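To keep things clear, I will list the structure first and then write my remarks on it.
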Amino acid sequence: MEGIIPWDEWVEFVRPYYPSGKRGRPVKGIEKMLRMYLLQVWFNLSDEGIEDAIYDSYAFRKFMGINFVDEQVPDATTLLKFRHLLEKNHLGEQMFKAISYVLEQGGAMMKGGTIVDATIINAPSSTKNEEKARDPEMHQTKKGNEWRFGMKCHIGVDAGSGYVHTITATSANVHDITETHNLLREDDEVVYGDSGYLGVQKRPEIAGNDHFKDIDFRITRRPTSLPKVSDNAINWERYIDNRKSSVRSKVEHAFHIIKNRFGFTKVRYRDIANNYHKLNVLFASANLLMYAEAKKRSVKAVG
């Protein structure tokens, strides 16, 4: 991440909103606070947790550029204020859009096709807190035979490259299909999705849009709906469905990075807006990580 984050650009996003330091105690450098915040996001730690982790980890201190002889780690309260500054001014969205724009202009992110999908991010269901209540913006939904409580992250992924180009967030009880129109691009000609998106072309937001109504929606069918064929016949419908799934599966890699590599399996903040901000930073980082890994693979292939 040290080599792939556009530090100068992201610092300039923050600068117009950052205190000048002319009043009160001296402020920490923007890049230093940004590095601390990103470490917190990537390792899914609390404000106090990341402060302690930097004291304990040499790798974290090196990434932060902190020498204990000269300075101390910014405390949890300072990080809290910095995080609120980013959330209030929607800077996570700016970071994500900037990365998407660079990938698109550089030819890494293609056009013409999108994969849509959604995943549930669990939220604490306990009421054993100060407010004696659950987060009112989180809701319960049933997935399979399991009841889940939390929010839902919806993403649109470029079908050619696998990079995420659009993110939305809702409560968990909002059906995937209702957010589809918010995940499409004006130049999309083909859209892939799992069986949860069957019938999406009939939605009024799609059917009533001059461009979206002409999109070829390639939605995988439920296995039980595929007709049975004899042992000697070629099951063409299953073959076509498998080809759709091979393209659609690219979306799972983005979710894998967010949940398994960055550890975002449970919301840390109240309100969907605050967690949506974090998702923008996470997917911006995930796109950069996928880009760096793709370049590494291409170098090995040439070598």
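Scope of the values below: all heavy atoms of this structure, side chains included, with no hydrogens, waters or symmetry mates. Keep in mind that this is a model prediction, so the values were computed, not measured.
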So salt bridge (Lys or Arg N to Asp or Glu O under 4.0 Å) across residues 86-102, not counting sequence neighbours, yields Arg83-Glu87
What orientation do Tyr163 and Tyr291 show, parallel under 30°, tilted 30 to 60°, or perpendicular over 60°? tilted
Can you tell me how far CG of Leu34 sits from CZ of Phe13, rounded to the nearest 0.5 angstrom? 11.0 Å
Any idea which heavy atoms bring Tyr18 and Gly29 closest together, and the distance? OH-O, 4.2 Å
Could you check whether any side-chain N or O of His277 sits under 3.5 Å from a backbone N or O of Gly92, counting only pairs where one atom can act as donor and the other as acceptor? yes
Using 4.0 Å as the upper bound for N to carboxylate O, is an ion pair formed by Glu293 and Lys296? no
So with a 6.0 Å cut-off around OH of Tyr55, is the heavy-atom count from everything else above 12? yes
Between Trp42 and Phe264, is the gap from one ring center to the other below 6.0 Å? no
Is the number of heavy atoms from other residues, nucleotides or ligands under 6.0 Å of Asp8 CG greater than 12? no
Under a 4.0 Å N-O cut-off, is there an ion pair linking Arg238 with Asp241? no
A side-chain contact here means heavy atoms from C-beta on lying under 4.5 Å apart; do Val73 and Met36 qualify? yes
When you check the gap from the basic side-chain N to the acidic O, do Lys111 and Glu189 get nearer than 4.0 Å? no
Should Lys142 and Glu146 count as an ion pair when the cut-off is N to O under 4.0 Å? no
Does Lys152 come within less than 4.0 Å of Asp176, counting only side-chain N to carboxylate O? yes
Remaining members of the apolar cluster that contains Val116, side-chain heavy atoms under 4.5 Å: Ile177, Leu183, Leu184, Val191, Tyr197, Leu198, Val200, Ile206, Phe212, Ile215, Phe217, Ile219
Please answer whether the main-chain N or O of Arg185 pairs with a side-chain N or O of Asp188 as donor and acceptor at a distance below 3.5 Å. yes
Evaluate the ring planes of Phe255 and Phe283, with Trp represented by its six-membered ring, and classify them as parallel (under 30°), tilted (30 to 60°) or perpendicular (over 60°). perpendicular
Say whether Asn44 and Lys259, considering side chains only, have a donor N or O and an acceptor N or O under 3.5 Å apart. no
Among all residues two or more places apart in sequence or in another chain, which pass the salt bridge (charged side-chain N to carboxylate O under 4.0 Å, His left out) test with Arg248? Asp117, Glu252
